[in-house]
Amino acid sequence: MSDAVLSVLDELNPAQREAVETTEGPLLVLAGAGSGKTRVLTARIAYLIGTCGIAPESILAVTFTNKAAGEMRNRVQKMIGSASEGVWLSTFHSTCVRILRRDIGHLGFSRGFAIYDQKDGLGVVKEALKRQGLDPKEHDPRSMSWRIDQWKNAGVGPAAACDAAMDFEAQRAAEIYTTYQRLLVDSNALDFGDLLLLTTELFERYPEVLAHYRRRWQYVLIDEYQDTNRVQYKLVQQLAGEHRNLCVVGDPDQSIYAWRGADVRNILDFEDDYPETKTVRLEENYRSTQPILKAANGVIAHNVARKEKDLFTEKEGGDAIQIFEAVDDREEAQFVVSQILISARDDGRSYGQFAIFYRTNAQSRSFEEELLKYDVPYVVVGGVRFYDRAEVKDALAYLRLLINPADGAALRRIVNKPVRGIGKTTLERAERVSQEHGTPLLEGLRRVAEEGGRTAAKIQRFLALLEELERDIEGASSADAVGRILDRSGYLAALEKEATPEAEARIENLRELLSAADDFGRDAMGTDDDGRSEIERFLDLVALVSDLDSYDRKDECVSMMTVHTAKGLEYPVVFVVGLEEGIFPHSGSMRDERGIEEERRLCYVAMTRAMERLTLTSAQQRLRFGSRTYGVASRFLREIPAEVVDEASGRRSRSSQASDIDYSYSQESYGEDGNLDLAPGLRVRHPIFGDGVVRTVIGSGPSQKLRVEFERAGLKVLVVRFANLEFG
DNA sequence: GATCGCAATTTTTTT
DNA sequence: AATTGCGATC
């Protein structure tokens with residue numbers, strides 16, 4: 001047994017160790033928050049390879065997010081080094097792409113299929129509605145798209161949906177689904193749901209294909225099993241149902257994806273599905289202090305549909321939970337940021353130790369503004385994704401179209417970017433033609449050009465551009481290909497001509513894309529994956545990886561993200577904000593008890609991310625959709641046991657003043673009139689910027705500001721009350 | 001066919 | 001508040 005694996009085993013508690021050493025047969029690991037789940041998974045992989053002598057290639061480990069996969073890969077690598085490289089460790093979606101790229105030929109798609117994101121999919125739904133002669137105003141394309149996704153998550157194909165339709169409405173929806181699916185086939189494209197659904201279909205209809213993967217993956221590990229949907233469940237069963245060396249890890253209390261088809265029954269019924277299952281419970285929490293855990297346990301205990309479970313910790317003491325009710329969202333942000341500044345100063349914490357979690361992405365703004373004001377570095381994880389930006393998607397659409405000429409969504413996106421005189425009318429003609437002949441959209445466009453007419457020359461020029469690019473990128477790296485596209489299409493030139501700050505930012509984003517492509521090319525060099533080109537693999541990556549920098553966590557930045565994104569992470573100091581009825585729990589989930597319970601689990605997930613300090617905030621009023629709305633403190637706040645709440649932080653009443661709360665922290669430096677005796681030329685010291693000289697004094701009173709020139713950091717404007725300056 | 005301006009609509013959460 | 005869609009106008 002390798003020393004590295006031995007020492008890892010020594011650090012495990014008996015339950016964890018059992019989970020690692022039970023390598024044969026089905027194993028269910030019920031892992032509470034912070035109980036060392038990732039540790040067990042990684043140790044298990046290391047143990048299988050290092051101790052049991054299992055070939056890395058025969059291990060399949062599946063996670064939900066790329067982030068989780070990346071982290072696990074790193075940790076396994078640290079334990080056993082290069083032996084870890086053969087392990088197939090990735091997300092459900094990437095795994096399916098890999099399988100389909102090899103074997104999808106059986107199902108009538110070609111191996112060069114495109115992957116459509118939900119926006120592409122929405123476009124296809126609209127097209128399907130049009131073809132059915134339905135008015136998109138009466139049939140909301142978004143809800144239609146959502147419905148189709150639900151069907152796919154449940155493993156229901158178009159034919160099954162038609163059969164199951166009980167009324168006229170469902171019948172029509174199923175017809176749209178059918179048309180939608182046909183349009184995808186015409187475009188040689190798969191949406192996210194297809195990646196999973198078609199893989200199970202492939203396995204079902206072609207047992208010899210399934211046999212190949214079964215033979216290969218003798219040991220299967222599934223992370224976050226409580227969040228799997230029916231199709232993923234089926235996939236797992238197909239892969240592992242025979243050899244049954246299946247280890248699933250999860251926590252029913254952290255099931256937060258029911259809205260996208262996840263089915264908790266998958267984990268609750270695991271012991272029924274695999275009667276010989278061994279179950280291991282990890283209930284000791286190593287992450288959080290006593291008060292944090294008590295608070296989280298207190299909240300989750302209010303869920304009725306739940307198996308009783310209490311996490312415990314042996315950690316004694318710890319700060320009480322802080323609860324703050326702000327007057328409005330601005331004050332909420334001010335409070336949180338001031339707390340961060342205070343703690344950074346008094347406790348010597350780096351900004352990387354703080355995290356702000358919110359229910360919806362839109363809530364990040366007020367915090368960003370406030371952090372910006374004090375020059376606190378931050379990262380917003382998730383949110384507006386890099387690869388979702390218009391200019392980036394445009395550039396990638398060119399690439400997609402060149403790789404898969406049938407890709408209608410990509411063609412639609414770029415035919416007229418930059419403007420080349422091929423507009424709506426021409427495109428509609430092309431659509432009609434391609435519908436008549438059942439050909440891809442690009443072929444339709446080609447025929448329109450052959451018919452002649454006003455736009456024929458313009459189309460010809462566009463087609464010539466595509467041909468030229470196709471030749472150019474043959475065998476090129478993805479970075480070169482993107483560069484070539486931006487250049488020859490005139491896309492970059494058009495942006496440069498605009499010469500606006502927005503265009504400047506877009507160009508900057510495109511540069512970033514180039515550098516991402518370049519990085520990818522460097523990493524991918526030499527690794528030959530079924531003979532697919534680097535460009536093809538780059539397109540797979542950008543389709544399935546949400547964030548450019550999701551891998552490296554910036555140490556010096558405050559992290560901000562939605563609660564969903566936060567799952568699996570931990571931070572010393574956590575702020576959960578916006579705890580109001582209608583936001584958290586969210587209004588969309590308040591209709592029934594099931595929705596409320598999922599929101600409560602979400603709250604539980606958020607709270608259990610905290611290691612040392614946890615603060616929960618709400619606001620009495622906030623700006624929503626541009627107008628003021630009034631909120632009531634979330635029920636979850638009342639569910640926290642009173643004895644772990646810091647009374648001083650206060651559940652304060654509506655009438656009390658903002659000054660009740662001490663979030664100014666240089667009181668002592670105020671003069672008699674509450675103002676400082678400040679004048680230009682005064683020497684000051686700032687905790688972050690260091691030494692500087694006051695240049696200008698702006699205003700007076702609590703909002704008094706200084707313009708200070710720092711030796712290192714340059715010119716900054718600081719609010720005296722918050723800036724925590726030392727004088728003299 | 002392009003461009004401008006107004007209106008509607010948006011906010012759940014993500015691969 | 002900000003993005004998207006639509007219609008009127010050039």
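All values derive from a computational prediction rather than experimental measurement. Within every chain, numbering begins at 1; the chains are lettered A, B, ... in the order of the sequence lines, protein sequences first and strands thereafter.
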**OP:** Name the closest nucleotide to the A:Arg365 side chain, picking from B:dT14, B:dT13, C:dA1.
**Re:** C:dA1
Original post:
To the side chain of A:Arg624, which of B:dT11, B:dT15, C:dA2 is closest?
Top reply: B:dT11
Original post:
Between atom CE in A:Met590 and atom C1' in B:dT13, what is the gap in whole Å?
Top reply: 16 Å
Subject >> B:dT13 to C:dT4 separation - C1' atoms, rounded to the nearest Å >> reply: 22 Å
Subject >> N or O in side chain of A:Asn361 less than 4.0 angstrom from B:dT13 OP1/OP2 >> reply: yes
Original post:
Taking CG from A:Leu602 and C1' from B:dT11, how many angstroms apart are they, rounded to a whole number?
Top reply: 15 Å
**OP:** Nearest 0.5 Å please: distance from the OG atom of A:Ser187 over to the CZ atom of A:Phe113.
**Re:** 14.0 Å
**OP:** Flag as yes if A:Trp259 stacks onto the base of B:dT13 (centroids under 5.5 Å, planes under 30°), otherwise no.
**Re:** yes
Original post:
CG of A:Leu544 versus C1' of B:dT15: gap in Å, rounded?
Top reply: 7 Å
Original post:
Which part of the nucleic acid, if any, lies within reach of A:Arg601 when heavy atoms closer than 4.0 Å are counted: base, sugar-phosphate only, or nothing?
Top reply: nothing
Subject >> Quiz item: cation-pi between A:Arg230 and A:Tyr233, 6.0 Å / 45° >> reply: yes
Every protein N/O within reach of nucleotides 1-4 of chain B N/O, cut-off under 3.5 Å:
from	atom 1	to	atom 2	distance (Å)
B:dG1	OP1	A:Thr426	OG1	2.1
B:dG1	OP2	A:Thr425	N	3.4
B:dG1	OP2	A:Thr425	OG1	2.4
B:dA2	OP1	A:Asn416	ND2	3.4
B:dA2	OP1	A:Gly421	N	3.3
B:dA2	OP2	A:Asn416	ND2	3.4

Original post:
Does any N or O in the side chain of A:Gln232 come within less than 3.5 Å of the main-chain N or O of A:Leu196, such that one atom is a donor and the other an acceptor?
Top reply: no
Original post:
A:Ser489: what forms a side chain to side chain donor-acceptor pair (under 3.5 Å) with it, not counting sequence neighbours?
Top reply: none
**OP:** To the nearest 0.5 Å, tell me how far A:Glu536 CD sits from A:Asn404 CG.
**Re:** 10.0 Å
Original post:
Whole Å only: how far is the CG atom of A:Asp191 from the C1' atom of B:dT14?
Top reply: 14 Å
Original post:
Of all the nucleotides listed (B:dT12, B:dT11, B:dT15), which has the minimum atom distance to the side chain of A:Arg359?
Top reply: B:dT12
Original post:
So what does A:Phe92 hit on the nucleic acid, given a heavy-atom distance under 4.0 Å: a base, only sugar-phosphate, or nothing?
Top reply: nothing
Original post:
Start at the 5' end of DNA chain B and walk down; is the nucleotide closest to A:Thr565 or to A:Arg142 reached first?
Top reply: A:Arg142
Original post:
How long is the gap from OG1 on A:Thr455 to CZ on A:Arg420, to the nearest 0.5 Å?
Top reply: 13.5 Å
Original post:
Roughly how many Å is it from CZ in A:Arg622 to P in B:dT11, rounded to a whole number?
Top reply: 17 Å
**OP:** Output the distance between atom CG (A:Asn303) and atom CZ (A:Arg594), rounded to the nearest 0.5 Å.
**Re:** 12.0 Å
Original post:
So what does A:Lys126 touch, heavy atoms closer than 4.0 Å: a base, only the sugar-phosphate, or nothing?
Top reply: sugar-phosphate
Original post:
For A:Lys152, which contact category applies under a 4.0 Å heavy-atom criterion: base, sugar-phosphate, or nothing?
Top reply: nothing
**OP:** Calculate the interatomic distance between A:Leu122 atom CG and B:dT14 atom P; express it in whole Å.
**Re:** 18 Å
Original post:
With stacking defined as ring centroids separated by under 5.5 Å and planes differing by under 30°, is A:His586 stacked against B:dT12?
Top reply: yes
Original post:
CD1 of A:Ile256 versus C1' of B:dT12: gap in Å, rounded?
Top reply: 12 Å
Original post:
What does A:Gln118 touch in the nucleic acid at a heavy-atom separation under 4.0 angstrom: a base, only the sugar-phosphate, or nothing?
Top reply: base
Original post:
Rounding to a whole Å, what distance do you find between A:Leu198:CG and B:dT15:P?
Top reply: 20 Å
Original post:
OP1, OP2 of B:dT12 versus side-chain N and O of A:Thr562: anything below 4.0 Å?
Top reply: no
Subject >> Reported CZ-to-CD distance for the pair A:Phe636 and A:Glu581, which is rounded to 0.5 angstrom >> reply: 7.5 Å
